[in-house]
Amino acid sequence: MTNRSANEIAIVAALRQLRRGEVVAYGEVARRAGLPGRARLVARVLAHSPVADLPWHRVLRADGRIAFAPGSEGYIEQLRRLQTENVTVVDGRVRMASVAGKLDALLWASPPADE
DNA sequence: ACTCTGACCAGCC
DNA sequence: GGGCTGGCCAGAG
């Protein structure tokens with residue numbers, strides 16, 4: 001097999017592990033996929049992966065900001081999806097550290113149906 | 001083969 | 001918090 005497809009498969013697998021309300025950085029997805037340091041590859045996969053049902057909106061930059069340019073289509077869509085999952089987004093950014101704390105609320109809240 | 005360009009990141013200042 | 005730098009690697013021209 002080619003490295004390319006192997007990497008993509010690993011990344012897609014890691015992405016599919018993301019549950020509703022769980023947000024991670026590109027770099028973390030890469031690490032989970034066994035590809036430390038390949039954050040950019042994750043971005044590429046999200047951008048053009050043939051797999052349609054990837055939770056791309058749960059992936060943020062390392063600083064918790066949405067990767068898209070503020071106001072852009074993707075930005076707005078991602079923001080909307082995150083809010084749908086009860087993820088707090090302030091000024092285009094998610095407080096990664098407080099996400100864990102939010103798990104409590106998420107567990108007690110009545111979330112929309114999940115996969 | 002080479003240069004540019006990224007839905008990026010960590011380290012430094 | 002913000003700006004720079006170097007590193008990363010796969011497409012596109």
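Letters A, B, ... mirror the listed sequences (proteins, then strands); counts begin at 1. Just the heavy atoms: all of them, side chains too, but no hydrogens, waters or symmetry mates, feed the values below.
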How many Å lie between [atom1] on [X] and [atom2] on [N], as a whole number?
| X | N | atom1 | atom2 | answer |
| --- | --- | --- | --- | --- |
| A/N7 | B/dC8 | CG | P | 18 Å |
| A/R44 | B/dC9 | CZ | C1' | 16 Å |
| A/R40 | B/dT5 | CZ | C1' | 8 Å |
| A/Y26 | B/dA10 | OH | C1' | 17 Å |
| A/L79 | B/dA7 | CG | C1' | 15 Å |
| A/I66 | B/dC8 | CD1 | P | 12 Å |
| A/E8 | C/dG11 | CD | P | 7 Å |
| A/D63 | B/dA7 | CG | C1' | 13 Å |

*asked:* By nearest heavy atom, map A/G37 and A/H48 onto DNA chain C; which one lands nearer the 5' end?
replied: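 Between the two, 5'-proximity favours A/G37.
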*By nearest nucleotide on DNA chain B, pick out whichever of A/R31 and A/A67 is the more 5' one.*
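Whichever sits nearer the 5' end wins; that is A/A67.
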*Considering non-hydrogen atoms only, spot the tightest contact between A/A67 and A/Y26 and give its length.*
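Heavy-atom minimum between the residues: CB-OH, 3.4 Å.
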*If you look at every heavy atom in A/G21 and A/R58, which pair is closest and at what distance?*
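Residues A/G21 and A/R58, closest heavy atoms: N-NE, 4.2 Å.
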Which part of the nucleic acid does [X] contact within heavy-atom distance under 4.0 Å: base, sugar-phosphate only, or nothing?
| X | answer |
| --- | --- |
| A/A47 | base |
| A/A30 | nothing |
| A/R65 | nothing |

_Student check: side-chain heavy atoms of A/L82 and A/L60 closer than 4.5 Å_ =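 A/L82 vs A/L60: side chains touch.
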*Report yes if some heavy atom in the side chain of A/R32 is under 4.5 Å from a heavy atom in the side chain of A/V24; otherwise report no.*
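SC-SC contact between A/R32 and A/V24 confirmed.
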*Salt bridge present between A/E77 and A/R81 (N-O < 4.0 angstrom)*: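 Yes, this pair counts.
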_Let's see if you can work this out: which of B/dA7, C/dC8, C/dA10 has an atom nearest to the side-chain heavy atoms of A/L41?_
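Within the option list, the nearest is C/dA10.
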